[in-house]
Amino acid sequence: MGEVVHHTIETALKEYQKTQELPTERFLQQITDRMRREFRESRERKYRERPGKAFGLYEHEYGKEIPDEKWALLHEDARRCFTTFANIIFMERVKPIPVEDWKLIETMQTFDFEGSLIYVKIDFAYQEGDRIKLVDWKTGRSEDVDNEIQLDCYGLFSRDYFKVPTEAIETIECNVNTGKENVRGMIEAKVDFAKHYIRNSIAGMKRALVDPIKNIAREEDFPFTENEATCRYCFFKKVCPKWA
């Protein structure tokens with residue numbers, strides 16, 4: 001659901017850039033058509049015939065019984081998210097900004113951090129006056145404590161990419177499911193924390209490798225988890241020696 005909503009918002013913004021129009025009903029129909037098509041592909045296990053191309057859901061591969069009502073609710077959530085975006089968020093936050101001041105829409109970017117290549121994909125970035133505003137669309141009903149560090153990493157990237165002072169960057173966590181926004185200004189302390197977070201993350205991944213230079217790992221260095229609850233929704237259960 002989240003992926004469908006993100007993609008539809010991206011498509012809508014890019015179309016508005018060209019046409020200055022945002023036909024809400026057409027995009028809502030696209031959401032319905034795509035979710036139905038991908039559900040059928042997954043239910044019929046087309047991904048086994050066309051791996052990497054046909055859509056597949058964990059629930060179908062592992063035979064999880066999900067009531068039809070739950071699938072219908074996911075579809076309703078997706079349509080409500082885009083409706084909230086189009087009728088409220090777009091009108092209040094996006095449309096007033098001239099399209100020539102739109103800077104990024106779901107564009108994959110990279111930056112070098114102490115010799116490691118870091119990838120970032122900002123949902124939407126625009127300039128307002130002398131400030132750069134980074135928007136991240138969220139589709140969940142609840143808040144995620146990891147969101148802030150994600151946006152701080154975007155701020156770290158944006159400072160050099162847009163060549164602006166840290167204080168000129170603003171991050172906006174925008175929940176299209178609930179309509180709520182969380183706006184934060186960037187400060188040097190947040191940049192320092194983002195650097196610390198990335199540095200520790202890279203170090204942790206390299207410690208797990210037998211040869212960090214060649215990026216080589218050994219399977220025997222990764223024991224099975226003792227907490228089998230984490231295996232319940234693991235995508236790789238069928239190829240795991242513990243469960244195969």
Using modelled atom types only, decide if a donor and an acceptor are shared between the side chain of [X] and the backbone of [Y] within a distance under 3.5 Å.
X    : Y    : result
N177 : T139 : yes
Q150 : D152 : no
W102 : I97  : yes
R45  : G56  : no
R184 : T171 : no
T230 : N227 : yes
T11  : H7   : yes
Y154 : K121 : yes
D136 : D123 : no

SB check [X] [Y] (cutoff 4.0 Å):
X    : Y    : answer
E114 : K195 : no
K14  : E106 : no
E128 : R93  : no
R34  : E38  : yes
E41  : K53  : no
E15  : R26  : yes

Should T84 and R80 be marked as a side chain to side chain contact (heavy atoms under 4.5 Å, CB included) after you check the CA-CA gap, both sets of side-chain angles, and the distance that decides it? CA-CA 6 Å; T84 301; R80 185 183 62 255; 4.2 Å; yes

Relative to the ring of Y233, is the ring of Y58 parallel (under 30°), tilted (30 to 60°) or perpendicular (over 60°)?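 Y58 vs Y233 ring planes: tilted.
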
Over 60° means perpendicular and under 30° means parallel, so tell me whether F157 and F111 are parallel, tilted or perpendicular. tilted

Residue [X] excluded, over 12 heavy atoms near [atom1] under 6.0 Å:
X    : atom1 : answer
F222 : CZ    : yes
K242 : NZ    : yes
I213 : CD1   : no
E3   : CD    : no
E220 : CD    : yes
K238 : NZ    : yes

Using the side chain to side chain contact (heavy atoms under 4.5 Å, CB included) rule, take C240 and F224 through it: C-alpha gap first, then chi angles, then the decisive distance, then the call. CA-CA 9 Å; C240 176; F224 298 120; 3.6 Å; yes

Examine the side chains of H196 and N200 and answer whether a donor and an acceptor come within less than 3.5 Å of each other. yes

Please determine which of Q29, Q30, R36 meets the side chain to side chain donor-acceptor pair (under 3.5 Å) test together with D33. Q29

Measuring from [X]:[atom1] to [Y]:[atom2], what's the distance to the nearest 0.5 Å?
X    : Y    : atom1 : atom2 : answer
M186 : L134 : CE    : CG    : 8.5 Å
Q109 : S158 : CD    : OG    : 9.0 Å
K180 : N182 : NZ    : CG    : 10.5 Å
L104 : L13  : CG    : CG    : 12.0 Å
T83  : E25  : OG1   : CD    : 7.5 Å
M1   : E76  : CE    : CD    : 11.5 Å

same_hphob_cluster([X], [Y]) at 4.5 Å side-chain heavy-atom cutoff:
X    : Y    : value
I89  : V99  : yes
I172 : V94  : yes
L151 : V135 : no
F90  : V4   : yes
I202 : V191 : yes

Please report the C-alpha distance between E148 and K190 in whole Å, then the side-chain angles of each, then the deciding distance to 0.1 Å, and finally whether the side chain to side chain contact (heavy atoms under 4.5 Å, CB included) criterion is met. CA-CA 9 Å; E148 187 169 357; K190 288 180 177 287; 2.6 Å; yes

Contact between [X] and [Y] at the side-chain level, heavy atoms closer than 4.5 Å - yes or no?
X    : Y    : answer
P241 : E219 : yes
E10  : W137 : no
S116 : K206 : yes
L28  : T32  : no
L57  : K64  : no
F162 : I169 : no

Salt bridge (charged side-chain N to carboxylate O under 4.0 Å, His left out), that's the test. Do K237 and E61 meet it? Break it down for me. CA-CA 11 Å; K237 199 170 178 179; E61 176 63 20; over 6 Å; no

Quick check: closest heavy atoms across M35 and A78, and the distance to 0.1 Å?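 Shortest heavy-atom separation between M35 and A78 comes out as SD-CB, 3.7 Å.
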
Which pair of heavy atoms, one from H60 and one from Y47, lies closest together, and at what distance?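 Answer, listing the atom of H60 first, then Y47: C-OH, 4.1 Å.
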
Derivation and outcome, side chain to side chain contact (heavy atoms under 4.5 Å, CB included), residues Y161 and V120: CA-CA 12 Å; Y161 181 80; V120 296; over 6 Å; no

For F85 and F82: C-alpha separation, side-chain torsions, deciding distance, then whether ring-ring contact (aromatic ring centres under 6.0 Å, His included) applies. CA-CA 5 Å; F85 165 78; F82 187 79; 5.8 Å; yes

Y16 six-ring centre to K95 NZ/CZ under 6.0 Å and within 45° of normal: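 No, K95 and Y16 do not form such a contact.
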
